[in-house]
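Here's the structure we're looking at; comments come further down.
Read the numbers this way: they start at 1 and go in the same order the structure lists the ligands and their atoms. Values in this document were obtained by computation on a predicted structure and should not be read as measured data.
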Amino acid sequence: MSRFSRARREDAAEASARVEGTGRAATSRVVSARQEEAGDGTALRVDGATVRFGNGRPALDAVDLSVRAHEVVCVLGPSGSGKSTLLRVVAGLQPLDAGSVWLGGEDQRDVPVHRRGVGLMFQDHQLFPQRDVAGNVAFGLRMRRVPADARAARVAELLSLVGLADAAHRGVGSLSGGEQQRVALARALAPRPSLLMLDEPFGQLDRTLRERLVQELRELFTALGTTVLAVTHDQGEAFALADRVVIMRDGAIAQSGAPLEVWRRPADSFVARFLGFSNLVLARVTRGAAETAWGRLPLAEGHAVSPGEHTVLVRPAGVRLVGESGGLTCEVVARTFHGTHVSLRLRPRDAPEVEATCALHEAPERGDRVGVVFDAQDVVVLD
Ligand code: ADP
């Protein structure tokens, strides 16, 4: 069991009791009780949020977004697509030019940052270097004038939750990057925010540590029932952490859905490319097949599409190598080893390149000629 998930049963129990409204009295000793969700179970609602910096395209362009209580939503998108601006708007750090933000069913129009009941955790942690670990975690509680004994109890509880029970009196400068990240998380969670917001929370950590922390965070959020709005540019991270991913492009939402749903059926070629798919080709779609520069691609039964011009995506797993004489003839122009599989770049004579994956022992050499056929279940017609 991981450190996070050793997560104190009482905390989880209290979190759920609070949600059911039975533990409010106890909670209000620590922080004033706060409405966490609207009557319909919505923790956050953003309506038509618009932000303009100067004359160009809006940084946020009439964005609508709802987050249900206990839902973990990850906002993904390329740099400059408006992710941080969206987070800052919800936190109250960025004024809106139009639209509204609702937390727990209440319009936040005139509510300042410190009264919104949101916890914030940024990429660079922003820990206070002059305070020790406990002092950092206690910060939000001190701001809310929580009495010293209740504060100490909550800090101890949080440090235990994030696996740093023995580090209370260490200086934050002496901690590793991963430990600092845990302190920042404990600090954000200490005042029991109704919404926890994370901005590139693992940005500065190495990949192995990130993968472990993402897993641990997922377990922690599930145990505590935390409502989370996180921003990341790393799709692996978002897909591992989120109940729902929201993909942004140019200040607007390009697609929102469960990770698997988005992975299976990207809304358009922008989302498909952003997810790392490169096998995209124009097609004339008829019933059951798509005519493309790669030939006639089969479509799975029940793949509902309207006939006509579309972009078609073929997932690399659906590109199958057969003998040189079968299917579409291609030359292998690149071969990259990924540990468990090999990815191949294949060049047909008069058509765009195709990406394929195959097992190491089956992989052809660069310069080989192969035949390629396409599996219907990995052919996706985009809108
Ligand atoms: P992301 O978090 O997806 O990288 P941001 O929300 O930071 O995107 O930025 C969205 C757009 O708004 C970008 O074009 C960015 O340059 C612009 N922008 C963000 N903050 C400011 C600011 N304070 N002043 C001017 N332009 C800004």
(message) Quiz question for you: does at least one protein heavy atom lie closer than 4.0 Å to atom 15 (C) of ligand 1?
(response)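 Given the 4.0 Å cut-off, atom 15 (C) of ligand 1 does not count as touching protein heavy atoms.
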
(request) Ignoring hydrogens, tell whether any protein atom lies closer than 4.0 Å to atom 5 (P) of ligand 1; use the non-hydrogen atoms only. (result)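 Within 4.0 Å: yes, protein heavy atom nearby.
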
When only distance counts, is [X] in polar contact with ligand 1, meaning an N/O pair under 3.5 Å?
X: Ala59; answer: no
X: Phe53; answer: no
X: Arg57; answer: no

(message) A quick test of your reading: do over 12 heavy atoms of other residues, nucleotides or ligands sit less than 6.0 Å from CD of Glu301?
(response)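 No.
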
(request) May I ask whether Gly82 has any heavy atom positioned less than 4.0 angstrom from an atom of ligand 1? (result)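 Per 4.0 Å heavy-atom rule, Gly82 contacts ligand 1.
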
(message) Ring-plane angle category for Phe139 and Phe128, please: parallel below 30°, perpendicular beyond 60°, tilted otherwise.
(response)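 Ring orientation of Phe139 relative to Phe128: tilted.
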
Of all the non-hydrogen atoms in the protein, which one sits nearest to [atom], and at what distance?
atom: atom 3 (O) of ligand 1; result: Lys83 NZ, 2.8 Å
atom: atom 13 (C) of ligand 1; result: Gly80 O, 3.8 Å
atom: atom 7 (O) of ligand 1; result: Ser84 CB, 3.8 Å
atom: atom 9 (O) of ligand 1; result: Thr85 OG1, 3.8 Å

(request) Run the numbers for me: atoms of ligand 1, each under 4.0 Å from some heavy atom of Ser81, listed by number. (result)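 Answer for ligand 1: 1 (P), 3 (O), 8 (O).
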
(request) Give the numbers and elements of all ligand 1 atoms closer than 4.0 Å to a heavy atom of Pro78. (result)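 Counting atoms of ligand 1 from 1, those under 4.0 Å from Pro78 are 3 (O).
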
I'd like to know if [X] and [Y] make a salt bridge, using a cut-off of under 4.0 Å between side-chain N and carboxylate O.
X: Arg45; Y: Asp47; answer: yes
X: Arg284; Y: Glu291; answer: no
X: Arg170; Y: Asp132; answer: no
X: Arg207; Y: Asp234; answer: yes
X: Glu237; Y: Arg210; answer: yes
X: Arg182; Y: Glu179; answer: no

